[in-house]
Novice: 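First, the structure itself, so that you have it in front of you.
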Amino acid sequence: MQYQPEKVEKKWKQYWVDNKVYKVDIDTSKPKFYVLDMFPYPSGAGLHVGHPLGYIASDIVARYKRLKGFNVLHPMGYDAFGLPAEQYAIQTGVHPEVSTAENIARYRSQLDNIGFSFDWSREVNTSDPKYYKWTQWIFLQLFASWYDKNSGKAQPISVLISRFEEGGSSVVNAAHSNDRGFSSEEWKNMSDIDKDQILMNYRLAYRKVGYVNWCEALGTVLANDEIKDGLSERGGHPVEKKAMTQWSLRITAYAERLLNELEHLEWSDALKTMQRNWIGRSEGARVFFKLENFDDTIEIFTTRPDTIFGSTFMVLAPEHELVPAITTAAQKVEIENYKNYVSSRSERDRMSDVKEVTGAFTGANAIHPITGEKIPVWIGEYVLKDYGTGAIMAVPSDDERDKVFAEKFGLTIIPVVDKSNYPGAGIHDKTGIMINSGFINGLEVKEAIQRMLDYIESNGLGRKEINYKLRDANFSRQRYWGEPFPIRYDEEGVACTLDEDVLPLVLPELENFLPATDGRSPLARAEQWVHETPGFVRETDTMPGFAGSSWYFLRYMDPNNENEFASGPSLEYWKDVDLYVGGTEHAVGHLMYSRFWHKFLFDIGKVPTREPFLKLINQGMIQGVIEYLFMKKEKVNGQTVFTSAEIVRQKDSEDGYTKIPVHVDFVRSGGANGSYLDIKGILKFTEWRPEFANAVFESGNGYKGTAANFLDKDSTDEIKIYLVSEIGKMSKRYFNVVNPDDVVARYGADCFRMYEMFLGPIEQSKPWDTKGIEGVQKFLRKFWSLFFDDEKWLVNDTLATAEEKKVLHTTIKKVCDDIERFSLNTSVSAFMVCVNELKRLECHTAEILEPLVRLLAPFAPFITEELWQNLGNSSSVHKSTYPVYNPEFLTSDTVEYPVCVNGKKRDMIEVSKEMSAAEIENMVMAMDMVQKWLEGKAPKKIIIVPDRMINIVV
RNA sequence: GCCGAAGUGGUGGAAUUGGUAGACACGCUGGACUCAAAAUCCAGUGCUAGCAAUAGUGUGCGGGUUCGAGUCCCGCCUUCGGUACCA
């Protein structure tokens with residue numbers, strides 16, 4: 001019987017559904033194991049071959065753990081709110097709910113096609129009101145909480161209010177953004193609106209001014225992703241920063257815990273380092289600088305208080321609230337112009353450009369808190385509003401950017417750290433001896449920092465402080481397709497929450513998904529919805545993408561619960577995720593927000609664990625090849641011109657050309673350097689992009705013409721328009737998506753699964769390529785042929801030989817070790833080696849083949865299910881047990897040693913395991929090869945590494 | 001710019017703790033079977049020299065530590081991911 005994957009796979013897919021093979025429930029008789037994948041955003045392009053990489057790996061582990069006797073929770077769902085569906089709705093009028101449902105249906109069928117063992121009864125969809133009811137509920141809990149630094153956890157706002165009543169703001173040690181202190185009397189006499197404003201600055205979900213990318217021409221707020229080189233990607237219009245009051249989450253309150261509690265997690269060091277650096281804890285001082293002629297003070301944060309004597313000017317973020325007040329009349333125009341320039345700059349550009357600094361003088365001076373000198377106050381884009389206090393004391397002698405700034409604007413530089421005793425020390429290294437620094441002269445930097453901190457505190461100039469690079473998370477989006485806030489504002493503008501029992505607050509129906517005026521969310525168009533309750537207006541912003549994904553892993557534990565986000569017993573049983581698999585692109589964003597929400601839920605007693613994800617594996621990306629055509633920026637005689645890449649390369653500059661992505665299906669020799677469009681490709685391209693129907697194509701061999709001119713050419717290879725290939729994301733926007741369905745249709749799901757694993761280590765990124773998939777296909781056929789020849793069943797009951805047992809048990813050991821350390825590419829090789837060996841030994845005994853089927857089942861669930869049935873079993877192979885390796889079968893009496901001379905392998909020698917080192921030495925010295933290399937001399941040293949190798953040093 | 005990762009034959013990759021570099025595959029070359037093809041099977045395959053035995057050389061580049069370095073250290077280069085509103 002021939003191996004026919006399509007037949008076998010169809011049969012077992014149905015069987016699994018009919019018999020609910022992967023359904024899982026709480027079972028306290030078994031240990032639990034939770035295997036989670038980062039759920040996909042269901043994009044219009046469908047699932048591509050990159051998505052399943054992690055899913056296959058986690059599915060193998062889930063199946064392996066099940067066979068090992070664990071009760072495995074292995075769910076899947078959809079992160080279904082997002083920008084692309086909304087953009088699609090604007091373009092086509094199709095409601096995001098409709099397109100999302102279609103995309104989900106497509107994803108589901110694609111996922112089913114690959115044979116995953118998900119328990120689909122637990123599917124989660126973040127855009128389903130039954131789900132986002134609980135996202136809104138969590139938001140309400142955040143709104144109703146503040147962070148008490150004394151108890152180190154979130155507390156109800158009611159506790160805060162009673163503290164204020166008892167002792168005012170000074171008795172509270174909270175994470176907050178409140179800038180005025182008050183006594184209990186003052187609190188009691190405050191109006192409700194004032195109280196509300198104060199409380200807002202303590203809430204974990206609060207409102208503050210944030211900056212959005214505003215595009216006047218498009219009348220909309222843009223995502224960073226929609227901006228290229230400072231212009232809108234659609235249309236190339238200017239983009240500027242615009243201030244808007246927005247919801248924000250006080251993640252900074254959790255900075256210390258997010259940092260410290262990383263330690264026990266089984267995450268890669270690289271990932272932990274990324275999170276640590278993102279949190280960016282630094283110890284230093286907050287120092288107050290008085291202003292000349294103003295009552296206000298400028299607050300700065302510095303990690304180098306020792307260098308304060310070298311501070312010769314100050315720089316404020318251009319958005320700093322003091323800037324308008326302190327700018328002198330003479331400097332007003334300059335400051336305004338500079339602020340306009342800065343609002344056109346992205347934050348990334350502001351941080352990246354270190355060679356060129358820019359800035360403007362406010363005309364104001366600050367008073368140096370120690371020397372009393374007047375120092376000028378500037379604004380500069382390299383100081384960010386949301387980092388630290390949004391202001392710095394500039395020390396041009398000991399900071400790179402301050403130095404460049406001082407040099408450019410002719411400001412004073414006073415050297416304060418003598419590094420002459422530390423050759424090779426960089427400008428930021430905390431080493432050297434203080435000079436020109438008054439009472440700390442002569443001290444080592446580290447000592448000077450301590451001395452200065454003490455001085456600052458005891459003289460009331462400031463205080464020690466810990467600062468974090470981590471910033472509070474902007475939680476508002478001016479979009480339709482997201483969770484509505486369960487918030488409405490009264491006539492005074494006070495934010496009032498909806499009652500929990502009216503949740504979910506469902507998105508209103510809309511026809512037009514374009515943003516409303518002034519960049520307000522499209523929700524503002526739903527007049528009736530906005531004004532539903534007399535005297536109130538609803539919040540029209542929606543929550544960002546990370547809202548729903550910050551807690552979905554909890555919902556899987558009890559996905560259909562209508563009374564709670566998940567029941568106590570289910571949370572208590574499943575606890576946390578034992579294995580989380582997903583891409584590094586989420587290293588800081590999603591993983592940081594999820595940990596934050598989880599810790600908050602822990603604080604309010606809703607989850608039993610401090611951390612959500614115990615072990616995490618980052619899968620690499622499967623990249624696509626992006627193929628670009630060179631297009632001349634300027635039209636020639638009114639026509640668009642595409643130029644073959646070799647012509648452009650001869651000019652050693654790509655200036656004057658734009659790169660237009662081409663659908664990879666049109667390209668010949670794609671992926672390599674010599675990819676090109678032939679005549680057929682050009683015709684397909686112009687058909688696909690009708691706006692280029694009359695474009696001129698220039699080839700390297702002198703042809704020039706439009707697609708129509710090429711029609712009469714006989715040979716499609718006569719004209720080659722070469723392209724540039726780049727490795728990048730597989731994405732609809734680059735037209736390079738490869739659908740797993742196509743691969744499965746051709747080779748079968750088992751083959752696709754094993755091939756994706758065989759491609760290389762799971763953590764590594766690599767471009768998709770089907771070169772080599774036939775090796776895996778051959779393996780599966782060969783495996784099958786151990787059981788069946790053309791028509792006959794070959795498996796018999798003969799006793800297995802020692803050699804056969806050795807092959808099997810070597811493989812069991814290797815595969816188990818590999819799964820445990822997540823090295824799935826090498827376990828596929830191990831299976832190949834095993835089958836090659838068994839084939840050579842003409843092994844057809846059930847004693848070997850039956851455990852081998854179980855061993856392979858997690859990798860190739862279909863073919864093994866079929867063979868398992870043929871072996872006479874009536875239940876699923878996935879309900880059996882995993883084979884256990886027996887070391888007895890692997891013993892050997894001899895060891896083969898490589899014999900090296902000076903570390904270079906020269907010969908091999910087989911040695912009995914019983915031999916002593918001295919005996920081996922004698923044996924080695926007697927070898928002809930050794931004598932030849934010694935050339936009569938005595939060896940300096942003989943190194944014998946047991947079971948490894950022998951090295952002779954000459 | 002900053003943070004993180006990767007770089008090994010023609011290609012994907014293996015080498016788990018400093019100990020035989022290139023397992024397993026793809027591709028290629030030659031052969032068997034076949035009228036022919038597909039499929040299958042056998043042999044070879046890092047590079048250079050050599051009929052061969054063998055020798056030299058070889059893990060992005062330049063240094064270093066070590067009896068021994070793909071693996072550790074220092075300095076670079078290139079590519080990828082993130083950089084706070086793509087998900």
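Order of the sequence lines sets the chain letters (A, B, ...), proteins ahead of strands, with each chain counted from 1.
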Novice: Give a yes or no on whether a salt bridge exists between A/K792 and A/D789, defined as a side-chain N under 4.0 angstrom from a carboxylate O.
Specialist: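 Result for this pair is yes, salt bridge flagged.
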Novice: Counting any heavy atom closer than 4.0 Å, what does A/M832 reach on the DNA or RNA strands: base, sugar-phosphate only, or nothing?
Specialist: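 Result for A/M832 = sugar-phosphate.
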Novice: With the criterion being N/O to N/O and under 3.5 Å, what pairs connect the protein with nucleotides 1-4 of chain B, and how long is each?
Specialist:
| unit_1 | atom_1 | unit_2 | atom_2 | d |
| --- | --- | --- | --- | --- |
| B/G1 | O4' | A/S352 | O | 3.2 |
| B/C3 | O3' | A/N277 | ND2 | 2.8 |
| B/C3 | O2' | A/N277 | ND2 | 3.0 |

Novice: Of A/R906 and A/F39, whose closest RNA chain B nucleotide lies nearer the 5' terminus?
Specialist: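 Nearest-nucleotide comparison on RNA chain B picks A/R906.
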Novice: Between the protein and nucleotides 66-75 of chain B, list the N/O to N/O atom pairs that are separated by less than 3.5 angstrom.
Specialist:
| unit_1 | atom_1 | unit_2 | atom_2 | d |
| --- | --- | --- | --- | --- |
| B/C67 | O2 | A/N951 | ND2 | 2.6 |

Novice: Less than 4.0 angstrom between a side-chain N/O of A/R821 and OP1 or OP2 of B/U16, yes or no?
Specialist: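 For B/U16, OP1/OP2 do not have a side-chain N/O of A/R821 under 4.0 Å.
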Novice: A/F783 vs A/F779 aromatic rings, parallel, tilted or perpendicular, using cut-offs 30° and 60°?
Specialist: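 Geometry flag for A/F779 against A/F783: parallel rings.
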Novice: So A/F546, base contact, sugar-phosphate only, or nothing? Heavy-atom distance under 4.0 Å.
Specialist: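 Counting heavy atoms under 4.0 Å across all strands, no contact is made by A/F546.
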Novice: Under 4.0 Å between a side-chain nitrogen and a carboxylate oxygen: does that hold for A/K241 and A/E347?
Specialist: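 Result for this pair is no, no salt bridge flagged.
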Novice: Give A/P761 one of three labels, base, sugar-phosphate or nothing, depending on what nucleic acid heavy atoms sit under 4.0 Å from its own.
Specialist: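 Counting heavy atoms under 4.0 Å across all strands, the contact made by A/P761 is with sugar-phosphate only.
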Novice: So for A/K729 and B/C86, does any side-chain atom that can act as donor or acceptor lie under 3.5 Å from a complementary atom in the base?
Specialist: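 Donor-acceptor pair under 3.5 Å: yes.
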Novice: Where each residue is assigned the nucleotide of RNA chain B containing its nearest heavy atom, which of A/P544 and A/V828 is assigned the position nearer the 5′ end?
Specialist: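 Nearest nucleotide further toward 5': that of A/V828.
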Novice: Counting any heavy atom closer than 4.0 Å, what does A/E585 reach on the DNA or RNA strands: base, sugar-phosphate only, or nothing?
Specialist: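 Touches a base.
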Novice: On a plain distance test, is the side chain of A/Q623 in donor-acceptor contact with the base of B/C80 below 3.5 Å?
Specialist: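 Absent.
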Novice: Taking the minimum atom-to-atom distance to the side chain of A/M908, which one of B/A15, B/C85, B/U20 wins?
Specialist: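 So the side chain of A/M908 is nearest to B/U20.
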Novice: Scan A/V833 against the nucleic acid and name what it touches under 4.0 Å (heavy atoms): base, sugar-phosphate only, or nothing.
Specialist: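 Result for A/V833 = sugar-phosphate.
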Novice: Can you tell me if the side-chain N/O atoms of A/R781 get under 4.0 Å from OP1 or OP2 in B/A39?
Specialist: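 Looking at the OP1 and OP2 atoms of B/A39, neither is under 4.0 Å from any side-chain N or O of A/R781.
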Novice: Tell me if a side-chain donor or acceptor on A/D907 pairs with a main-chain N or O of A/P898 at a distance below 3.5 Å.
Specialist: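 A pair under 3.5 Å: no.
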Novice: Pick one for B/G63: is it syn, with its angle within 90° of 0, or anti?
Specialist: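 Base orientation: anti.
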Novice: Does the pair A/D817/A/R821 count as a salt bridge with the N-to-O cut at 4.0 Å?
Specialist: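 No, no charged N to carboxylate O under 4.0 Å.
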Novice: So, A/R350 and A/E319, do they make that salt bridge, N to O below 4.0 Å?
Specialist: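 Salt bridge between A/R350 and A/E319, a charged N being under 4.0 Å from a carboxylate O: yes.
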Novice: Which dot-bracket string fits RNA chain B when only Watson-Crick or G-U wobble pairs with both atom distances under 3.5 Å count, crossing pairs get [ ], and | stands for a partner on a different strand?
Specialist: (((((((..(((......[....)))((((((.......))))))((((....))))..(((((..]....))))))))))))....
Novice: Would you mind classifying the nucleic acid contact of A/S549 as base, sugar-phosphate or nothing, using non-hydrogen atoms under 4.0 angstrom?
Specialist: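 Touches nothing.
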